[in-house]
Amino acid sequence: MSPPEEISDEEAMAAVDEVIALKPISTVLIVIAMQTEALPLVNKFQLEEDTDACLFPQKVPWVRYHGTYKDLHIDLVWPGKDPVLGVDNVGTISASLVTYASIQAFKPDLVINAGTAGGFKAKGACVGDVYVASDVAFHDRRIPIPVFDIYGIGARRTCPTPNLLKELNLKVGKLSTGDSLDMSLQDETSILANDATIKDMEGAAVAYVAELLSVPAIFIKAMTDIVDGEKPTAEEFLENLVMVTAALDQAVTQVIDFITGKCLSSL
Ligand code: FMC
């Protein structure tokens, strides 16, 4: 009898990836930053708020909604509100923590980070547009030491979804993430270097955690404000938040409908 053929670790990993890519997606984790963005989706998918105290550490403000929609199990998580200030826990830190804890607890096949964002009109973005991010990177992690500089930017390609993009009428652009709603001159330089069309406060952080835990992730971002426009960002953001959330809600529903019954390799 001939000895079994040796395969390298890389070949074994590729074989595992192929099996995963061909497995139908059954569990999706939706990561959202703000309550205003989360609630329409909770209603649309008829999700229930979780009361199981053991899933997240005690006393954290994170909120999980869950349910089954067209055979797909959906967990939707939102990092809740600051217990003292009462505002949404936006930004990279809360997004990373809740993504990490949720992937560990719910073992999703796919992560969807959905939210509002700013867009650049110089790249063709308009208020109300919904984008799928092709790439993500950070714009406020400047480490001017060789190689650390590249680490700081943290550029990543997102999970490719050519069929989803063909089928749904969504725009595609690069996403740049930082922990500020406004934009300093240094941030602007980095955003230009990242070739970004979209600017948010969570995407690249969610991408980092998803990659760390080997879960594919996609990013759906609806434009509340035009970063290179005339209006002050905070004012424009607040003015459009509710209206743009409806566009986000519609796009996420289309994406979930598209995903249902498919495997990763056919997205
Ligand atoms: N810059 C950065 N973030 C945002 C933005 C902009 N012009 N418009 N909307 C956002 C998103 C962020 O990701 C936060 O979750 C929230 O809206 C603003 O605090």
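This one's a predicted model, so the numbers in the text were calculated from it and none came from an experiment. When a ligand or atom number is given, it counts from 1 through the structure's own listing order.
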For the side chain of [X] and the backbone of [Y], is there at least one donor-acceptor N/O pair under 3.5 Å apart?
{"X": "D129", "Y": "V127", "result": "no"}
{"X": "Q35", "Y": "G80", "result": "no"}
{"X": "T260", "Y": "I256", "result": "yes"}

What part of [X], side chain from CB on, backbone N/CA/C/O, both or neither, has a heavy atom under 4.0 Å from ligand 1?
{"X": "A33", "result": "side chain"}
{"X": "T116", "result": "both"}
{"X": "L181", "result": "both"}
{"X": "D200", "result": "both"}

Protein contact to [atom] [nearest heavy atom, distance to 0.1 Å]:
{"atom": "atom 8 (N) of ligand 1", "value": "D225 OD1, 2.8 Å"}
{"atom": "atom 2 (C) of ligand 1", "value": "K199 NZ, 3.4 Å"}
{"atom": "atom 19 (O) of ligand 1", "value": "M201 SD, 3.6 Å"}
{"atom": "atom 14 (C) of ligand 1", "value": "E202 OE2, 3.5 Å"}
{"atom": "atom 18 (C) of ligand 1", "value": "F237 CZ, 3.7 Å"}

Basic-acidic side-chain contact under 4.0 Å: D228, K121 =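 Here D228 does not pair with K121 in a salt bridge, since their nearest N and O are not under 4.0 Å apart.
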Problem set entry | Which of the ligand 1 atoms, numbered from 1, are nearer than 4.0 Å to a heavy atom of T233 |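 Listed by number with element: 7 (N).
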Query raised in the report: Can a non-hydrogen atom of G115 be found less than 4.0 Å from any atom of ligand 1?
Result: no
Can you confirm if the NZ or CZ of R141 lies within 45° of the ring axis of F148 and under 6.0 Å from the centre of its six-membered ring? no
Exercise for the section: Quick one: closest heavy-atom pair of K174 and S134, and the distance? Expected result: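 Taking every non-hydrogen atom into account, CG-OG, 3.8 Å.
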query = Angle class for the H73/H66 ring planes (parallel below 30°, perpendicular above 60°, tilted otherwise)?
reply =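 Tilted, since the angle between the ring planes falls between 30° and 60°.
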